[in-house]
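Quick notes on the structure that follows.
Note that ligands are numbered from 1 as they come in the structure, with each ligand's atoms numbered from 1 the same way. Note that this is a predicted model, so its numbers are computed, not measured.
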Amino acid sequence: MKLDVNWQAAFNIIHSLEKAGYEAVIVGGAVRDYLRGHLANDVDIATSALPEEVKTVFSRTADVGIAHGTVLVIHPLSPVEVTTYRTEGSYADHRRPDDVQFVRSLEEDLKRRDFTINAMAMRASKEIVDLYGGQSDLKAQLIRAVGNASDRFAEDALRMLRAIRFSAQLGFAIEEETFKAIRKQAADLSYIAKERIKAEFDKIWTSANAKEAIYYVNDTQLVDYLPVEFSGNANAWSNFESRGNPMNGWAFLILLQRDENALQLLKAFNCSNKEKVYVQQVLQAYKRRITPGWTARDYFEFDLPVLEIANDFAEKLNRNIGNLNSSEIPHKKKLLTIQSRTEIAVNGRDLMEWSGKKSGPWLKVVIDKMVDEILSNKLVNERQHIKEWFSHESNIEK
Ligand SMILES: Nc1ccn([C@@H]2O[C@H](COP(=O)(O)OP(=O)(O)OP(=O)(O)O)[C@@H](O)[C@H]2O)c(=O)n1
């Protein structure tokens, strides 16, 4: 695998720290993904050097999280976060460590990490340090907590949802003891900030396994401790596709819940205004999705991607839970016939040229009528046919 600049920068930094007498390794998700054949963009380094010591080794650094031991080393190839080996002390509030303690041992640092597949390290020689069976769990496709699962979840309750998120992203199962511990401690999820919960769901929606994740959310009983009532029917998520936009997951969830008050759910998860506006657009397009009476104006009211998503959702909800009445079934064939203004064989300029008239209210009337005729199969969507139709449209005041 050819290493890109982030990795080259990381290896250079590790060499410099080693030269200064410290131990340093790549840790976390980058190692996991490397072993799966993917090069992560985000490469993190852990080191035995204390933050102040890291700062003396490099000329350009920034204090990005010094209290937790993280210094950003601004390497000419790419900035890289370097964090001192640490244990995380006690977690009285189930979320973030109250008393981070720096340690000099890599083993201690790996021990406090969440899952075996996230608890491996890579030396500059590319040797893998795997003290908790991460490689065998990668092979077996299992999400397994490091050491005692209950302890790991008591340290940070968000890890319960992270287990589900990684299982969705990687297509892995959650190992039995880890699963049982989540079920036992599910209530601790209520201590977690909603922004952190939302960030995990954003990743679940854009993964290939949203359906399986919802199944886990229900089965572990985490569903009862989310910031809002969350009735996720796992089967309804079959074939769900976010098209890379997590907000489509939230829109789909709202549709599934038949939640009249969509904003309440979006607010509960602290969605931004931009996110809220997008979801509202999808919900509106869903409500008014393509029906036989649609006119050109209806089409132009929505962005095409929003319209496509709304129709896709309608079709899936109909297929997956089969409880929409037939009048709500979208007319997909029609959507395919005219997907956008550009797919109509003529445009406004043609009509003006043929009539010899300037643009005006008449043009919109003609376009509306033309699209209606095409949609109801009375007019063939071809230039010659439309020209002929137009020349006979005496009813339209041109
Ligand atoms: N609650 C958490 C969060 C993080 N980690 C550790 O910190 C590393 C980095 O965390 P993060 O960046 O959140 O996850 P990644 O594993 O890098 O994966 P991704 O970037 O896909 O979220 C994890 O691999 C894990 O070793 C942890 O033990 N417990």
Side-chain angles (χ1 to χ4, degrees), residues 6-7 10 25-47 64-65 68-70 72 79-91 93-98 100-101 103 106-122 128-135 137-138 143-172 174 178 181-182 185 188-189 191-193 195-209 213 222 244 246:
N6 305 323
W7 285 77
V25 288
I26 294 174
V27 281
V31 181
R32 174 196 70 223
D33 291 343
Y34 177 88
L35 292 170
R36 294 175 53 248
H38 300 283
L39 279 185
N41 289 328
D42 199 12
V43 186
D44 295 321
I45 291 176
T47 180
V64 287
H68 292 97
T70 305
L72 186 72
V80 178
E81 284 192 359
V82 177
T83 304
T84 302
Y85 295 157
R86 60 187 197 201
T87 59
E88 300 198 347
S90 65
Y91 295 63
D93 63 355
H94 305 271
R95 12 189 173 184
R96 289 271 163 92
D98 313 322
V100 167
Q101 282 171 11
V103 291
L106 173 60
E107 185 177 346
E108 283 286 297
D109 182 273
L110 295 179
K111 199 154 106 189
R112 56 99 185 165
R113 292 177 183 268
D114 51 5
F115 305 111
T116 58
I117 58 167
N118 289 347
M120 294 180 276
M122 183 196 272
I128 301 292
V129 182
D130 178 13
L131 306 176
Y132 304 101
Q135 289 178 100
D137 283 338
L138 267 186
I143 307 295
R144 182 199 307 270
V146 172
N148 182 295
S150 273
D151 292 348
R152 295 292 83 72
F153 297 139
E155 288 162 0
D156 180 2
L158 186 75
R159 287 172 169 170
M160 298 187 285
L161 200 51
R162 278 170 63 89
I164 296 176
R165 185 258 288 189
F166 284 117
S167 102
Q169 286 181 321
L170 304 173
F172 288 12
I174 299 178
T178 305
I182 300 178
Q185 281 152 260
D188 290 346
L189 190 68
Y191 295 107
I192 298 301
E195 292 82 356
R196 294 181 78 204
I197 293 178
K198 175 180 178 287
E200 294 304 319
F201 273 107
D202 282 351
K203 291 177 183 171
I204 288 172
W205 304 145
T206 49
S207 77
N209 301 290
L222 284 176

For [atom], which protein heavy atom lies nearest, and how many Å away is it?
atom	answer
atom 21 (O) of ligand 1	Arg165 NH1, 3.4 Å
atom 1 (N) of ligand 1	Asp156 OD2, 2.9 Å
atom 16 (O) of ligand 1	Arg32 NH1, 2.9 Å
atom 8 (C) of ligand 1	Arg113 NH1, 3.7 Å

Might you work through the side-chain contact (heavy atoms from CB on, under 4.5 Å) test for Tyr85 and Val25, ending with a clear yes or no? CA-CA 10 Å; Tyr85 295 157; Val25 288; 4.0 Å; yes
With a 4.5 Å cut-off on side-chain heavy atoms, are Tyr132 and Asp137 touching?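 The answer is no, as the side chains (C-beta and beyond) never meet within the 4.5 Å cut-off.
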Would you call Arg113 and Val27 a side-chain contact if the rule is heavy atoms closer than 4.5 Å?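 Heavy-atom side-chain distance check passes, below 4.5 Å.
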Protein non-hydrogen atom below 4.0 angstrom of atom 12 (O) of ligand 1 present: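 No, no protein heavy atom sits under 4.0 Å from atom 12 (O) of ligand 1.
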Below 4.0 Å from ligand 1: does a non-hydrogen atom of Leu158 turn up there or not?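 Heavy atoms of Leu158 never come under 4.0 Å of ligand 1.
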Within less than 4.0 angstrom of ligand 1, does Arg152 place any heavy atom?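 Per 4.0 Å heavy-atom rule, Arg152 does not contact ligand 1.
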Would Lys203 and Glu200 pass as an ion pair if we require N to O under 4.0 Å?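 No.
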Check ion pair Lys198-Glu195 (N to O, under 4.0 angstrom):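 No, no charged N to carboxylate O under 4.0 Å.
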Polar contact flag for Asp44 and ligand 1 (N/O pairs, less than 3.5 Å):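 Looking only at distances, the answer is no, because the N/O contact criterion of under 3.5 Å is not met.
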